[in-house]
Protein chains: 2
Amino acid sequence: MANNTNETIEETTSLLDIQFNAAISVDCVIFGYDKHNLKVLLVKSDMPMYKDKYSLLGDLLKQDENTDQSAIRVLAKHTGLSGLYMEQVCTFSNVNRHPLGRVVTVAYYSLVQLNEGLEELVHHHPDLKWEKVSDIEDLAFDHLLVFNKCLKQLRYGLREKPIGFNLLPEKFTLKQLQNLYERVLDIEIDKRNFRRKLKSIDILMDVNENETDVSHRPAKLYSFDKIRYSSKKKKRFSFEM
Amino acid sequence: MANNTNETIEETTSLLDIQFNAAISVDCVIFGYDKHNLKVLLVKSDMPMYKDKYSLLGDLLKQDENTDQSAIRVLAKHTGLSGLYMEQVCTFSNVNRHPLGRVVTVAYYSLVQLNEGLEELVHHHPDLKWEKVSDIEDLAFDHLLVFNKCLKQLRYGLREKPIGFNLLPEKFTLKQLQNLYERVLDIEIDKRNFRRKLKSIDILMDVNENETDVSHRPAKLYSFDKIRYSSKKKKRFSFEM
DNA sequence: CCAAAAGTGTTTGTAATACACCCATGG
DNA sequence: CCATGGGTGTATTACAAACACTTTTGG
């Protein structure tokens with residue numbers, strides 16, 4: 001794919017040169033879950049026409065990276081974390097979506113467990129905030145559109161793939177997992193049915209530990225068993241509930 | 001979104017100007033179904049390094065259009081048709097995916113019923129061909145990747161949304177519909193179960209006509225009842241089978 | 001011993017699967 | 001009247017949904 005002749009390069013460099021080029025950006029909907037609420041990391045817009053509005057975290061694509069790499073870079077820059085779960089969602093390209101020129105943006109969402117460290121982020125960076133998903137009403141640019149699309153894809157994926165674990169600590173209780181599903185999907189789930197479902201899917205590992213520091217019967221802790229999951233991945237099963 | 005002050009324009013035009021820009025293209029996986037096979041419209045690559053290979057139909061994004069419009073334009077140009085079912089699938093942006101320079105491409109798939117008119121297309125345009133999906137092994141650029149992703153999304157969507165009808169004529173028999181599911185998903189379906197399922201979903205309209213020109217009992221013709229479908233769309237139901 | 005949440009089974013309805021014969025038409 | 005594919009029903013099984021009480025711990 002890289003050993004083109006000089007001839008070819010000349011021919012097409014010119015072809016592409018006369019073509020319209022656009023800036024390409026990546027926008028990340030960074031979902032954080034703090035055991036009660038699903039939140040999204042937002043940054044105060046630095047554009048005069050969008051002052052007082054917040055926007056998603058993003059950046060322009062660089063010459064030596066693809067959009068996945070760009071998204072990883074944006075995540076690392078703002079959260080300090082790498083290896084986060086991440087999905088490309090959709091590309092937005094309306095002609096006037098960006099007031100400063102033509103910018104086509106590729107949207108990603110990613111998932112992170114909102115611990116104290118991450119909550120603290122916003123104290124050092126006053127332009128950042130974790131906004132509850134249910135409180136998001138208005139964003140700069142077309143970012144409300146982008147956000148809605150990403151939220152939809154997250155909800156969809158949560159029913160079909162074991163991605164929810166990315167929003168929880170390594171070890172968690174069944175109640176925490178159920179709460180996650182209830183909060184993110186905005187539904188109520190019967191405790192017994194939920195537990196039976198999880199038992200039948202059989203992708204959790206009993207870590208033989210209990211919750212601590214609770215003033216009632218402590219719950220057992222589990223972790224997601226990636227290995228067991230991949231071994232049964234072939235048969236399509238649904239997380240539907 | 002369009003009344004920026006001069007100040008803003010100056011400030012950011014310069015900001016965007018110094019940024020890296022890339023060409024943006026749209027690539028369409030145009031699926032055609034001829035009652036026996038699912039096929040894809042391909043065009044012989046005009047690039048020396050990919051001679052003898054075929055590629056998807058695509059074009060570079062123009063200044064005054066978004067990628068949806070660009071895809072519609074590509075579809076119209078090569079099939080002469082408009083209003084085809086179409087979905088954005090994914091964006092591919094690897095640095096070296098295009099030998100002539102940096103081109104980020106947005107992939108779409110679309111669905112069309114392959115009638116004689118469309119089959120004939122390829123006689124007037126010797127560079128075009130309808131290739132059976134099962135025969136596609138190698139394509140120019142990263143188009144095999146693009147194609148595979150689009151096929152996957154088509155199969156996925158077929159199980160969840162009533163999009164199959166876009167591959168059939170307005171009026172069709174239940175057998176034709178079943179064949180479509182079997183061929184596209186590459187599975188076998190029990191005739192009685194299939195028919196019961198469709199009856200329960202209740203989105204077909206009996207057009208009170210029969211097949212003609214068959215040397216056996218003619219089958220009843222149905223059409224997809226869009227209105228009835230949208231009226232029950234709220235409850236999520238699955239085309240799963 | 002009390003408060004609080006953890007943990008557990010059964011019943012009922014609904015949808016998926018497997019399976020075989022009669023019917024209507026053209027030739 | 002025969003060949004061809006169209007059209008139909010039932011029994012079984014698996015899964016989803018609804019629902020209430022006992023157990024364990026901390027204070």
Side-chain angles (χ1 to χ4, degrees), chain A residues 35-36 155 158-160 162 168-169 171-183 185-223 232 234-241, chain B residues 35-36 158-162 168-169 171-183 185-223 232 234-241:
Chain A
K35 295 184 184 161
H36 300 287
R155 286 179 166 157
L158 196 61
R159 291 175 176 273
E160 312 227 317
L168 291 178
K171 299 168 184 178
F172 49 85
T173 66
L174 292 177
K175 186 63 190 294
Q176 286 171 346
L177 188 60
Q178 181 180 342
N179 278 339
L180 168 68
Y181 273 84
E182 292 183 325
R183 300 304 173 95
L185 297 177
D186 196 24
I187 55 173
E188 292 201 343
I189 303 175
D190 178 83
K191 182 164 59 156
R192 283 168 290 187
N193 292 339
F194 181 78
R195 288 158 114 95
R196 179 176 30 254
K197 176 82 182 204
L198 263 123
K199 189 173 282 180
S200 81
I201 294 176
D202 187 33
I203 52 168
L204 292 188
M205 198 177 195
D206 184 341
V207 296
N208 285 310
E209 290 178 52
N210 288 341
E211 247 182 333
T212 52
D213 304 321
V214 287
S215 73
H216 53 79
R217 175 175 177 179
K220 298 190 70 171
L221 292 175
Y222 296 87
S223 68
K232 38 183 77 171
K234 37 217 158 205
K235 354 183 202 164
R236 66 176 261 125
F237 63 74
S238 160
F239 276 68
E240 196 70 47
M241 35 199 119
Chain B
K35 295 185 185 164
H36 299 285
L158 196 61
R159 292 175 174 274
E160 312 226 317
K161 298 179 289 187
L168 291 177
K171 300 169 185 178
F172 50 85
T173 67
L174 292 178
K175 187 62 190 292
Q176 287 171 346
L177 187 60
Q178 181 179 343
N179 278 338
L180 167 68
Y181 273 84
E182 292 183 325
R183 301 302 174 96
L185 297 177
D186 196 23
I187 55 173
E188 291 202 343
I189 303 174
D190 178 84
K191 182 163 61 159
R192 282 166 293 186
N193 292 340
F194 181 79
R195 288 159 114 97
R196 178 176 31 254
K197 175 81 182 208
L198 264 125
K199 190 173 282 180
S200 82
I201 294 175
D202 188 33
I203 52 169
L204 291 188
M205 197 179 198
D206 184 342
V207 297
N208 285 312
E209 290 177 52
N210 288 341
E211 249 182 333
T212 51
D213 303 322
V214 287
S215 73
H216 54 78
R217 176 176 176 180
K220 297 190 70 169
L221 293 175
Y222 296 86
S223 68
K232 36 182 79 171
K234 38 215 158 206
K235 351 186 203 164
R236 67 177 259 124
F237 63 74
S238 159
F239 276 68
E240 196 70 46
M241 29 199 122

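A, B, ... follow the sequence lines: proteins, then strands. Residue 1 opens every chain.
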Report the distance from atom CG of A:Asp206 to atom P of C:dA6, rounded to the nearest whole Å.
16 Å
B:Gln178 CD - D:dG7 C1' separation (whole Å):
12 Å
Write down the distance between CG (A:Leu198) and P (D:dA16), rounded to a whole number of angstrom.
12 Å
Greater than 12 external heavy atoms within 6.0 Å of B:Asp190's CG:
yes
Minimum-distance pair of heavy atoms, taken over all atoms of B:Glu182 and B:Ile189:
OE2-N, 2.8 Å
Atom NZ of B:Lys191 and atom CZ of B:Arg196: how far apart are they, to the nearest 0.5 Å?
13.0 Å
Whole-Å distance, A:Lys199 NZ to C:dA6 C1', equals 13 Å
In whole angstrom, what separates A:Phe194's CZ from C:dG9's P?
18 Å
In this structure, are over 12 heavy atoms from other groups packed under 6.0 Å from B:Asp186 atom CG?
no
With a cut-off of less than 4.0 Å, is there a side-chain N or O of A:Lys197 near OP1 or OP2 of D:dC15?
no
Taking CG from B:Leu177 and P from D:dG5, how many angstroms apart are they, rounded to a whole number?
19 Å
Measure CD1/A:Ile189 against C1'/D:dA17 and give the value in whole Å, please.
13 Å
Under 4.5 Å between any side-chain heavy atoms of B:Phe172 and B:Asn179, yes or no?
no
Spacing between B:Leu174 atom CG and D:dG6 atom C1', to the nearest angstrom
10 Å
Per-helix bend value, the helix from C:dC1-D:dG27 to C:dG27-D:dC1, C1' rotation axes over five pairs per end, 10° rounding, shows 0°
Please tabulate, for side-chain N and O atoms in residues 211-219 of chain B, each donor-acceptor pair with protein atoms closer than 3.5 Å (sequence neighbours left out).
{"residue": "B:Glu211", "atom": "OE1", "partner": "B:Ala219", "partner atom": "N", "Å": "2.8"}

Treating primed atoms plus P, OP1 and OP2 as sugar-phosphate and everything else as base, which nucleotides of nucleotides 19-27 of chain C get B, S or - for protein heavy atoms under 4.0 Å?
BB--BBBS-
